[in-house]
There are 2 protein chains.
Amino acid sequence: MEESYDALRLENQLCFPLYACSREIIKQYKPHLDELGLTYTQYITMMVLWEKGEATVKELGERLYLDSGTLTPLLKKLESRGCITRARSKTDERNLMITVTREGEALREQAVSIPGKMARCSRLNEAEAAELYRLLQKMLGK
Amino acid sequence: MEESYDALRLENQLCFPLYACSREIIKQYKPHLDELGLTYTQYITMMVLWEKGEATVKELGERLYLDSGTLTPLLKKLESRGCITRARSKTDERNLMITVTREGEALREQAVSIPGKMARCSRLNEAEAAELYRLLQKMLGK
DNA sequence: CGCAATTAAATTGTGTACAATCGAATTGTA
DNA sequence: TACAATTCGATTGTACACAATTTAATTGCG
């Protein structure tokens, strides 16, 4: 009747350190993002938009693995802050086009120093970070 | 005036794949956890409790990197489902002792098959999973 | 063409996360 | 021993996440 519950131990899960690590690092971003008045999710959304200039909600969702239930309220907040505009596409009104404003572009200049600050306090060296990146991409099927 | 915003590209972040990967894997747990009526956070909480039999809210928080703002409502739900009991410690009333009930213990038998099911659909081989685990632990300062 | 199927966002409801604050119990020290 | 400081959990408020449903626009097929 003695059963082994070893597989159920928290230390034997890969998912838990992934989940914990993700949240811990997002916490480390917070003081830097507070200076810009952005949350982490808003920050990665702006990253996609800074890179492309504009994108539909659908494209943002595919890139960030987020759905409209998360993005719609988040984008409305970014709009009310003046960082982006939201407008239906002329050619297909189902699509909502998100565009970075001048004010949103200005925020980019403040954001550009953040990756360096974060890299400096990482516990991994460059090779380890690269390997971690590779494994995560593989896990995501990329 | 030409500036490099390369560091701000989503592909150049370590945090984003970590965050995306964590959420994608938690989604893969969902159909299995639905059968037990547990959310992912409730599942890892039960994992700690199954292992120890009982723990204070503080101990759970340290182990799971969660605070009372998250744990208090979650534990009340687990209590109302009959999986755990919540009782103040006799020796120090500030501590709330969480104990697994017989019903909570029964859930463990259903949960024990989950890690195997999850491992089988992973895209990483055993060596890669071990290396990923090591890097995440190092990142967490463990 | 007409209309069913599909698509894109928005909405609704539940459940985390987490910062900040509060209140009760305990501890350390003058 | 008073009492300030600390500790633990609960509460409040904001912001995601995400499943499920709804609404409006577009597409494709008979």
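Owing to the predicted nature of the structure, the values given are computational and were not obtained by experimental measurement.
Take the nearest nucleotide of DNA chain C for Lys27(A) and for Lys58(A): the residue whose nucleotide is more 5' is Lys58(A). Both Thr39(A) and Arg86(B) lie close to DNA chain D; mapped to their nearest nucleotides by heavy-atom distance, the more 5′-ward contact belongs to Arg86(B). Nearest-nucleotide mapping onto DNA chain D: of Ser89(A) and Tyr65(A), the residue sitting toward the 5' end is Tyr65(A). Mapping Gly69(A) and Ile26(B) onto DNA chain C via the closest heavy atom, the residue that lands nearer the 5' end is Gly69(A).
Proximity note for Asn95(B) (side chain, C-beta onward) versus dA9(C), dG9(D), dA17(C): the nearest is dG9(D). The side chain of Lys30(B) approaches dA19(D) more closely than any other nucleotide in the set dA19(D), dA9(C), dC16(D). For Val57(A), the listed nucleotide lying nearest its side chain is dA9(C); candidates were dA9(C), dT26(D), dT26(C). With dA9(C), dT27(D), dC16(D) as the choices, the nucleotide that has an atom nearest any side-chain atom of Arg88(A) turns out to be dA9(C).
Residue Asp92(B) contributes atom CG, which lies 9 Å from atom P of dG9(D) at whole-angstrom precision. Asp67(B) places its CG atom 12 Å from the C1' atom of dT11(D), with the value rounded to the nearest Å. Rounded to a whole Å, the CG atom of Leu66(B) is 11 Å from the P atom of dA19(C). Rounded to an integer number of Å, the gap from CG of Leu74(B) to C1' of dT14(C) is 13 Å. Asp34(A) has its CG atom 14 Å from the P atom of dC18(C), to the nearest Å. At whole-Å resolution of the value, CZ in Arg81(A) and C1' in dA15(D) are 14 Å apart. Leu71(A) places its CG atom 17 Å from the C1' atom of dT12(C), with the value rounded to the nearest Å. The CD-C1' distance, from Gln28(B) to dC18(D), rounds to 15 Å in whole Å.
The shortest distance between the side-chain N/O atoms of Thr56(B) and the OP1/OP2 oxygens of dC8(D) is not below 4.0 Å. Within the structure, every side-chain polar atom (N or O) of Thr70(A) is placed at least 4.0 Å from both OP1 and OP2 of dA15(D). At dT16(C), one or more side-chain N or O atoms of Lys77(B) fall inside 4.0 Å of OP1 or OP2 (strictly under the cut-off). The side chain of Tyr19(B) contributes an N or O atom lying less than 4.0 Å from OP1 or OP2 of dA17(D). Considering only side-chain N and O atoms, Lys76(B) lies under 4.0 angstrom from the phosphate OP1 or OP2 of dT11(D).
For Thr72(A) against dA9(C), a side-chain-to-base donor-acceptor contact under 3.5 Å is absent. With hydrogens and angles left out, the side chain of Ser68(A) and the base of dA8(C) share no donor-acceptor pair within 3.5 Å.
A cation-pi contact links Arg108(B) to Tyr5(A), judged by a cut-off of 6.0 Å to the six-membered ring centre and 45° from its axis.
Comment: Glu24(B) engages Lys27(B) in a salt bridge, judged by a side-chain N to carboxylate O separation of less than 4.0 angstrom. Salt-bridge formation is not detected for the pair Arg134(A)/Glu131(B): no Lys NZ or Arg NE/NH1/NH2 atom is positioned less than 4.0 Å from an Asp or Glu carboxylate oxygen.
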- Item | Step-by-step side-chain contact (heavy atoms from CB on, under 4.5 Å) determination, Tyr19(B) to Ile25(A) | CA-CA 9 Å; Tyr19(B) 160 80; Ile25(A) 294 181; over 6 Å; no
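Between Thr91(A) and Ser89(A), the side chains place a donor N or O and an acceptor N or O closer than 3.5 Å (distance only, hydrogens not considered).
Using a 4.5 Å cut-off on side-chain heavy atoms (C-beta onward), Val100(B) and Leu107(B) make no contact.
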